[in-house]
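First listed ligand is number 1; within each ligand, the first listed atom is number 1. What you are looking at is a predicted structure, and each value in this text was computed from that prediction instead of being measured.
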Amino acid sequence: MNGSEFLIPCADRVANLPPYVFATVFRMKEEALAAGREVIDLGVGNPDGRAPANIIAALNRTLLDDSWNCHGYGTFKGLLQLREAIASWYLDRFGVTLDPDSEILPLIGSKEGLANLMRAYLNAGDTVIIPSPCYPAYFGAARLCEAEIYEPALAEDQGFVLDFDTIDAEVADRARMLIINYPNNPTGGVCDLAFYEKAVTWCRDHRVLLVSDIAYSELGFSGGENPSSVFQVDGAREVAVEFQSLSKSHNMAGWRAGFAVGGQEVIANLGRVKSNVDFSLFGGIQMAAVEALSGSQQVCADNRTLYEHRRDLMVEGYRELGWNVPSPPATLYIWARIPPAWGDDDFAFITEVFEKSGVLLSPGSGFGIHGRGYARTSLVINDARIGRVMELLKGADLTWG
Ligand SMILES: Cc1ncc(COP(=O)(O)O)c(C=O)c1O
């Protein structure tokens with residue numbers, strides 16, 4: 001391929017995607033690595049732990065299990081055994097009863113499911129309410145549906161919990177979908193059951209599909225309430241769908257295993273889209289997910305302890321530097337307003353931190369318009385590396401207070 005230009009233009013919906021905000025950050029990292037510089041990446045929320053041995057053993061057993069062939073195509077709905085394991089897990093964890101046949105759909109990671117749900121429910125021009133700061137993949141998936149995005153703020157002084165009164169009345173009337181995510185990426189904010197009650201009522205009143213993303217439900221720290229499911233609220237089944245993931249809770253981010261739960265109709269519509277684009281998860285991973293959900297949940301408890309400990313170390317380190325970051329009640333992130341010297345320019349802040357120290361943070365603007373002026377730190381390195389981060393930051397000529 002001698003650098004010749006491809007002659008066929010891509011679809012408008014792809015051409016019109018805005019440049020990926022993190023592309024610059026990735027480029028910065030690659031250039032520094034190529035130049036042989038020390039880089040510590042705290043930008044991406046990629047767990048550094050590995051899945052527990054019992055989960056790996058379940059995959060290995062399945063690979064060599066001649067009683068069924070996991071190597072062939074699966075079924076669109078996923079294995080019944082996995083759907084039953086999901087139902088039992090929901091019952092144990094949230095006291096919520098689900099029908100494994102019609103109210104559960106295994107996913108190749110929740111990111112896949114969220115994008116396919118939008119395809120199932122958003123026509124071009126429809127409005128989707130995506131409160132921000134938020135998981136950036138929501139924006140891309142909505143734009144690929146040519147949907148219109150309305151972005152109310154998750155305010156720090158409200159604990160990053162959505163205030164429904166901030167949603168424009170006219171938008172509320174025409175919106176088709178609302179996405180909520182607690183515990184929240186990137187802010188670490190949590191909500192209580194009363195919030196889910198409000199959300200269900202609001203969505204019922206406005207005929208809006210309520211999408212609850214609980215990818216971090218198993219990472220609520222000590223001293224706080226154990227995070228809830230929207231389905232603990234009466235009446236949720238008529239308006240809501242919920243997404244769960246094994247990526248963070250069970251250190252399985254690369255395995256791609258998640259699931260959606262909800263009323264029969266929304267699960268069927270999501271399944272209709274999926275049956276046209278994929279063949280469900282690899283059978284070996286489905287059996288590993290069965291083990292993850294029905295075997296010991298120690299890995300979740302261990303991760304809570306681990307991330308809480310790292311949060312404390314990192315918060316203490318930052319505060320010693322003079323950066324007064326808050327201490328989040330959940331997730332594997334620290335979300336903080338950037339020091340005043342950079343005003344609202346989070347890109348300038350993370351760029352200067354990186355250039356002077358080799359420590360890479362995520363710019364808040366990448367998480368939506370209300371992320372501007374903030375930065376996210378992922379707690380994905382061990383204690384020794386956290387120590388090294390603090391050394392590098394202390395040695396850099398930066399103003400934190
Ligand atoms: C809020 C949120 N939802 C969903 C996902 C995607 O998870 P999965 O690995 O299951 O696709 C992430 C990943 O970072 C996330 O932060």
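- With respect to the salt-bridge test (charged N to carboxylate O, under 4.0 angstrom), the residues E352 and K356 qualify.
- Checking each of L107, I214, L105 against F243 for a side-chain contact (heavy atoms from CB on, under 4.5 Å) leaves exactly one that passes, namely L107.
- Here the side chain of Y182 pairs a donor or acceptor atom with the backbone of F160 at under 3.5 angstrom.
- Of the protein's heavy atoms, K248 NZ, 2.7 Å lies nearest to atom 14 (O) of ligand 1.
- Scanning the protein for heavy atoms near atom 3 (N) of ligand 1, the closest one is D213 OD2, 2.5 Å.
- Checked by atom type and distance alone, the side chain of S378 never pairs as donor or acceptor with a backbone atom of V380 at under 3.5 Å.
- If you check which protein heavy atom lies closest to atom 7 (O) of ligand 1, you get S110 OG, 3.2 Å.
- Under a 3.5 Å cut-off, the side chain of W323 and the backbone N or O of R337 do form a donor-acceptor pair.
- For a threshold of 3.5 Å applied to N or O pairs, the pair formed by Y138 and ligand 1 contains no separation below that value.
- The N/O atoms of K111, backbone and side chain alike, include one that comes under 3.5 Å of an N/O atom in ligand 1.
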Assess the residue pair Y135 and I179 against the criterion (side chain to side chain contact (heavy atoms under 4.5 Å, CB included)); give the C-alpha distance rounded to whole Å, side-chain angles, the decisive distance to 0.1 Å, and a yes or no. CA-CA 10 Å; Y135 176 43; I179 304 178; over 6 Å; no
Trace of the side-chain hydrogen bond (donor to acceptor under 3.5 Å, both in side chains) decision for R119 with N116: CA-CA 5 Å; R119 279 167 141 177; N116 281 326; 2.9 Å; yes
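- Among protein heavy atoms, atom 6 (C) of ligand 1 sits closest to Y135 OH, 3.3 Å.
- Atoms of ligand 1 lying under 4.0 Å from at least one heavy atom of R256, given by number and element, are 8 (P), 9 (O), 11 (O).
- The atoms of ligand 1 that sit less than 4.0 Å from any heavy atom of S245 are 7 (O), 8 (P), 9 (O), 10 (O).
- Side-chain atoms of R37 come within 3.5 Å of backbone atoms of E355 as a donor-acceptor pair (strictly under, hydrogens ignored).
- Each of the atoms 1 (C), 15 (C), 16 (O) of ligand 1 lies under 4.0 Å from some heavy atom of N185.
- In terms of modelled atom types and a separation under 3.5 Å, the side chain of E242 and the main chain of V261 share no donor-acceptor contact.
- Polar contact check, Y333 against ligand 1: no nitrogen or oxygen pair lies under 3.5 Å apart.
- For the pair S247 and ligand 1, the shortest N or O to N or O distance falls below 3.5 Å.
- Those atoms of ligand 1 that come under 4.0 Å of a heavy atom in G109, given as number and element, are 10 (O), 11 (O).
- Under a 4.0 Å criterion applied to the non-hydrogen atoms of N181, ligand 1 contributes the atoms 1 (C).
- The proximity of Y216 to ligand 1, defined as any non-hydrogen pair under 4.0 Å, is limited to the side chain.
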